[in-house]
Each structure stands twice: as C-alpha cells, then as structure tokens.
Amino acid sequence: MLSKNYELERIFIGRFSYNADLLEELNNFCVTNNIRTGLISIIGALKQVKFGYYDQQEKKYIFLDKFNPELNEPLEIASASGNVSIKDGKPFAHLHMVVSDRKGNAFGGHVMPGTIIFAGEFIIQAFKGEDLVRAHDKETQLPLWKE
Ligand code: ZN
C-alpha cells in the first residue's frame, strides 16, 4: 500500500470548450495552472466518447466502442471522477467516467483521447504536498504511483 498526505490548496470551477478533446484540455489546464496533485469532478455532455478497458491478461487497453455501437452517439456525462499526479515530469489527469444515453443506459470506463466535449463543467481541487509520481509497474504494466 502507498499513501501520502495533502492539504487543499485551491479549487477551480469552470467549463470546457465546445468541441474540445476532454483529456487534452484538462491536461493543458493542469499544466498551465501548475496543478500537480488534485481531485477532478466533471458533469456535462459529450459529442463522442472514447473509453478504454484494461485487459489484465493482455496488459493493454481495448476500446469499448468497437463492441458497443451505442457509444457512438451523443451522451451525458453522468459522472466523471479522476485525479492529477505527475507522469513523465508533468501534470497528468487520470479520469474515469460513467455516461448515459437517451434511454438512460449507462456505460463506463477509462477516458481516452478522442473524447469530445459538447458541454462540460468541472471542479478541480488542487492539493499541496509532495509530488505523487507515476512510474512503470512490472506486475500490471501500468504507470502507477511510486514512493
Ligand atoms: Zn484508468
């Protein structure tokens, strides 16, 4: 187990740009505002979602829209939750999301590049304290937090 202690430093509330790639705009925002450790919460709507699912045997992400044509339509962001830490020397957002369609069906996954905003409102809590740094993990082949 690994854990570190932080104090709340700043809270940002805002909205994403229409047609923005969610992860790109989020990561740029974190870099620009020097948010190195934080908590992310988002609600809104998407023009397009790109979800990954980590195949624990193959040790790689598969894209869920391949198997679910329902994911290729506009969707609500019912809930998105994530964190900010340091990867490759700069702030990096790791985000998971539950989306819903016009019938209220819900889908979820790891948010990938290619997730496009229709409208999105965010709250980001920035913490102060020691950097939390991602590094390659042998067992999972994922970039996990290290001491
Ligand atoms: Zn993930």
Side-chain angles (χ1 to χ4, degrees), residues 1-6 8 11-17 19-101 104-127 129-147:
M1 189 177 187
L2 176 151
S3 97
K4 295 186 182 198
N5 270 287
Y6 295 90
L8 182 61
I11 300 174
F12 298 86
I13 301 183
R15 72 175 179 87
F16 295 105
S17 312
N19 261 345
D21 182 296
L22 174 54
L23 284 183
E24 191 180 300
E25 193 158 70
L26 186 58
N27 280 315
N28 286 342
F29 185 83
C30 291
V31 169
T32 302
N33 291 285
N34 198 31
I35 302 167
R36 301 180 69 82
T37 314
L39 173 65
I40 302 166
S41 175
I42 303 169
I43 55 172
L46 297 173
K47 294 178 90 170
Q48 169 70 47
V49 72
K50 207 69 165 171
F51 274 149
Y53 167 89
Y54 195 66
D55 186 317
Q56 297 178 11
Q57 301 302 320
E58 297 288 320
K59 307 243 182 331
K60 63 177 189 191
Y61 281 99
I62 37 185
F63 289 94
L64 296 188
D65 50 307
K66 254 193 224 162
F67 315 105
N68 296 289
E70 299 91 338
L71 287 172
N72 294 309
E73 61 178 73
L75 297 157
E76 293 288 306
I77 303 171
S79 180
S81 178
N83 56 59
V84 185
S85 59
I86 301 300
K87 186 181 164 198
D88 302 325
K90 58 182 196 217
F92 168 81
H94 180 199
L95 189 67
H96 283 208
M97 184 183 280
V98 177
V99 295
S100 59
D101 67 14
N105 294 315
F107 305 89
H110 172 103
V111 178
M112 291 290 211
T115 297
I116 307 299
I117 288 286
F118 179 75
E121 299 174 346
F122 67 80
I123 300 176
I124 300 172
Q125 298 181 51
F127 304 137
E130 194 187 334
D131 277 351
L132 195 50
V133 180
R134 292 186 181 277
H136 181 77
D137 178 72
K138 256 193 260 155
E139 285 169 325
T140 63
Q141 299 289 312
L142 285 167
L144 300 183
W145 292 329
K146 297 291 178 183
E147 285 294 344

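Because the structure is predicted, anything quoted here is derived from the model rather than measured. In each ligand, atom 1 is the first atom listed, and ligand 1 is the first ligand listed.
Around the Zn ion (ligand 1), the protein atoms of type N, O or S found under 2.8 Å away are H94 NE2, H96 NE2, H110 ND1, listed by chain and number.
Taking the six-membered ring where tryptophan is involved, the planes of H96 and H110 are perpendicular, since the angle between them exceeds 60° and thus also 30°. The aromatic rings of F29 and F12 sit perpendicular, their planes meeting at an angle over 60°, well past the 30° parallel limit.
Under the side chain to side chain contact (heavy atoms under 4.5 Å, CB included) criterion, I43 pairs with E121, sequence neighbours left out.
At least one side-chain heavy atom of I117 sits under 4.5 Å from a side-chain heavy atom of L46.
Between Y53 and F63, the distance from one ring center to the other does not fall under 6.0 angstrom. Aromatic pair F51/F107: centroids not less than 6.0 angstrom apart.
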